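Below: one structure, written as structure tokens.
As the structure is a computational prediction, the values presented were derived from the model and not from experiment. In what follows, chains are A, B, ... by sequence order, proteins preceding strands, each numbered from 1.
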Amino acid sequence: MNDLPALLVALPILGSVVVLLVGLVRSETGWPIAVVASAVQTAAAVTLAVDAFGSEPVRYVVGGFTAPFGIELVVDGLSATMAVLVAVVALGVLGYARRAGPRSNAFYATYLLLVAGLTGMSITGDVFNMYVFLEITGLAAYALVASGEGGRSARAALKYLLVGTVGASLFLLGIGYAYVATGTLNMADLSAQLAAVGYTSTLVRASFGLLVVGLFVKIAVFPVHTWQPAAYAGAPDTVSGLISALVSTVAAYALIRIVFTVFTVDFLAANEFARTVLVAGAVVSIVLGSVLAVTQREIKRMLAYSSVSQFGLVVGAIAVANGTALTGAMIHLVGHAIMKGGLFLTSGLIAEETGARTVDAYEGLAERTSIGAAAFGVLALAMVGVPPAVGFVGKWYIALGAVEGRAWPLAVVILVSTLLTLAYFARILERIYFRESTGSTAGADTDVDADSGSQTRTAVADGIGTDPVTEPSAVSTGMRATVLAAAVLAVVLGVSAFEYGQLLEPTIQRLLA
Amino acid sequence: MIDLVVDRLYYLVAFLLLGVGTYTMIGSQNLVKKVIGMNVFQTGIFLFFIVTAFVEGGSPPLLTAPEPYVSPLPHVLILTAIVVGVSLTAVALGLIVRIYGEYGTLTEEGIQKVIADE
């Protein structure tokens with residue numbers, strides 16, 4: 001086999017170095033280089049995905065050290081999905097960043113590093129390697145959140161860093177326990193060795209608990225979600241779009257990998273308590289995430305709490321642990337990335353055009369920005385789960401899986417979650433389309449508490465960037481195109497999701513075997 | 001009880017460090033102290049890993065070496081983890097410099113006060 005898996009990780013890192021080096025000579029050259037690197041990576045990811053959806057995963061041995069001793073890259077259906085998703089979303093968000101984003105070369109270098117970390121997490125077959133990529137992703141994400149001007153983004157980034165580090169450290173401790181129990185770090189080898197040690201061994205149980213809790217922090221499951229609203233709301237619009245679409249998504253993928261590739265379904269069957277913890281995390285996240293979303297007045301904070309609730313669905317699907325639910329989890333991960341990333345970018349576009357950043361400021365928005373309002377409407381309805389959008393298909397599979405697995409309380413909560421999602425999106429849609437615009441655009445700035453007030457100014461200043469010519473209507477074609485593409489994708493993916501589910505079947509059967 | 005403490009002394013110390021680190025991160029108002037807490041927390045995990053490197057009665061796979069044998073793998077892993085920890089500390093301190101420049105204070109309370117006064 002060729003070197004494609006290694007290239008997939010190496011390309012963005014190489015691009016990032018080139019951006020930094022060129023930046024020494026000429027500033028503001030980051031964008032074109034990032035686009036080239038991202039486009040090549042997308043092509044590589046798609047080529048690799050074609051091979052990976054077969055009967056056997058693509059395996060790549062790094063540096064010639066064979067599997068249990070060296071590091072291995074494994075690309076099966078799930079990893080390929082994530083790699084393609086990361087590459088495509090990163091390329092799409094770049095189209096938006098051209099006008100909206102921070103423009104320094106350092107920003108684009110960090111951007112590519114984040115992409116490298118996420119791709120690495122998706123395709124690695126070694127748990128310690130996964131920890132390293134988890135931290136690369138984290139470091140890049142902290143730096144990106146802080147790339148906004150003003151104190152709020154720096155504070156959000158520091159909070160994210162402190163909480164994220166605890167999560168990653170617990171993950172590392174979990175790896176330590178697994179290593180003590182088995183003496184290996186390769187995922188495939190670990191799953192065999194853990195079975196030999198015995199699933200009821202305290203060491204194995206502790207390892208599972210620490211790994212899961214560490215990833216819960218990164219996914220932002222309810223009690224450990226607190227970094228997420230601050231980070232998403234404090235970051236520049238481009239960055240919230242990118243990290244809301246990818247960072248938690250890949251962490252959730254990592255949870256699927258840990259639970260099913262390393263510990264396997266037999267572990268869940270042997271430890272009823274492990275499943276209970278997963279279900280509890282899912283249910284609490286779904287319900288409380290939605291309730292907290294309803295109480296938010298700032299759009300980006302509301303979207304962040306909505307993510308807490310949506311990832312509850314994915315964790316629920318992992319707890320159910322049957323083929324249907326897992327297919328649903330993967331579809332929902334992809335769909336959520338497109339929808340939530342799109343919503344964040346749309347809210348940035350709307351703020352750029354009209355200055356509206358709060359729920360109240362969205363009144364009568366349809367008159368002021370038809371494209372922004374239309375995209376927000378489509379994406380919000382997709383998120384609620386109106387067929388044929390992708391949000392519906394994902395939830396449908398997960399709910400079906402829960403019913404098949406006889407997890408009745410979870411099934412009820414998943415079905416109710418649609419109503420909960422409607423609770424926070426309907427009031428915005430009603431304001432956009434069925435109310436007269438009351439105040440001028442200035443209303444956006446006055447109607448927020450002190451903390452968010454400073455953010456409103458900050459974020460607007462960010463969006464305009466260093467370019468003095470741009471006025472509040474500084475919305476480029478690229479930004480509009482990206483937002484519309486996200487809205488269209490959310491619907492188109494829904495139509496093709498059933499075929500994707502069938503494509504995924506061999507991989508998932510192998511995972512559950 | 002005493003046997004347990006003597007047997008597992010290294011593990012207990014590692015977890016004591018974890019506790020101290022977590023407490024400092026949550027309890028301290030000062031941002032720099034929070035970062036110090038984070039470092040102590042990570043060091044606890046590093047030490048835990050290094051203790052696991054000692055395998056009673058173990059021997060290296062290739063050479064016949066003198067007892068006691070210490071596995072090199074955890075050391076290599078922790079070397080990587082230390083590099084990650086250093087990078088994290090650098091980013092955190094960079095952020096704190098920016099926060100200080102913006103608000104002129106290093107404590108959470110002070111920052112809240114500055115925001116309230118605005």
**Request:** Heavy atoms only, distances under 4.5 angstrom: which of A/V132, A/V180, A/V166, A/L170 has the most pairs with chain B? Name it, please.
**Result:**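 Greatest number of close heavy-atom pairs with chain B: A/V166.
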
**Asked** What part of A/L139 lies closer than 4.5 angstrom to a heavy atom of chain B: side chain, backbone, both or neither?
**Response**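 For A/L139, the side chain is the part near chain B, not the backbone.
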
**Prompt:** Is chain B contacted by the side chain of A/I136, its backbone, both, or neither, given a heavy-atom distance below 4.5 Å?
**Reply:**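 Nothing of A/I136, per the 4.5 Å heavy-atom cut-off to chain B.
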
**Prompt:** Judged by atom type as modelled, is there a donor-acceptor pair below 3.5 Å linking the side chain of B/R98 to the main-chain atoms of A/R155?
**Reply:**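 No.
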
**Request:** Give the ring-plane orientation class for A/Y177 versus B/F15, where under 30° counts as parallel, over 60° as perpendicular and anything between as tilted.
**Result:**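 The rings of A/Y177 and B/F15 stand perpendicular, inter-plane angle above 60°.
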
**Message:** Given heavy-atom pairs under 4.5 angstrom as the criterion, report whether the side chain, backbone, both or neither of B/S87 touches chain A.
**Reply:**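 When you check distances to chain A, atoms from both the backbone and side chain of B/S87 fall under 4.5 Å.
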
**Request:** Inspect the contact between B/E108 and A/K159 and indicate whether a charged nitrogen and a carboxylate oxygen are less than 4.0 angstrom apart.
**Result:**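 No, this pair does not count.
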
**Request:** Quick one: list whatever passes ring pair (Phe, Tyr, Trp, His ring centres under 6.0 Å) with A/F128, sequence neighbours left out.
**Result:**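 A/F128 satisfies ring pair (Phe, Tyr, Trp, His ring centres under 6.0 Å) with A/Y131 only.
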
**Message:** Using 0.5 Å steps for rounding, measure from the CG atom of A/L185 to the CG atom of B/L73.
**Reply:**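 It comes to 5.5 Å.
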
**Item:** Criterion side chain to side chain contact (heavy atoms under 4.5 Å, CB included) on A/L173 and B/L18, from CA distance to verdict
**Value:** CA-CA 11 Å; A/L173 197 56; B/L18 286 188; 3.8 Å; yes

**Prompt:** If every non-hydrogen atom of B/F41 is compared with every non-hydrogen atom of A/S169, which pair is closest and at what distance?
**Reply:**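 Heavy atoms of B/F41 and A/S169 come nearest at CE2-CB, 3.3 Å.
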
**Request:** Work out which heavy atom in A/Y142 is nearest to a heavy atom in B/V91; give both atom names and the distance.
**Result:**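 Scanning both residues, the minimum pair turns out to be CB-CG1, 4.4 Å.
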
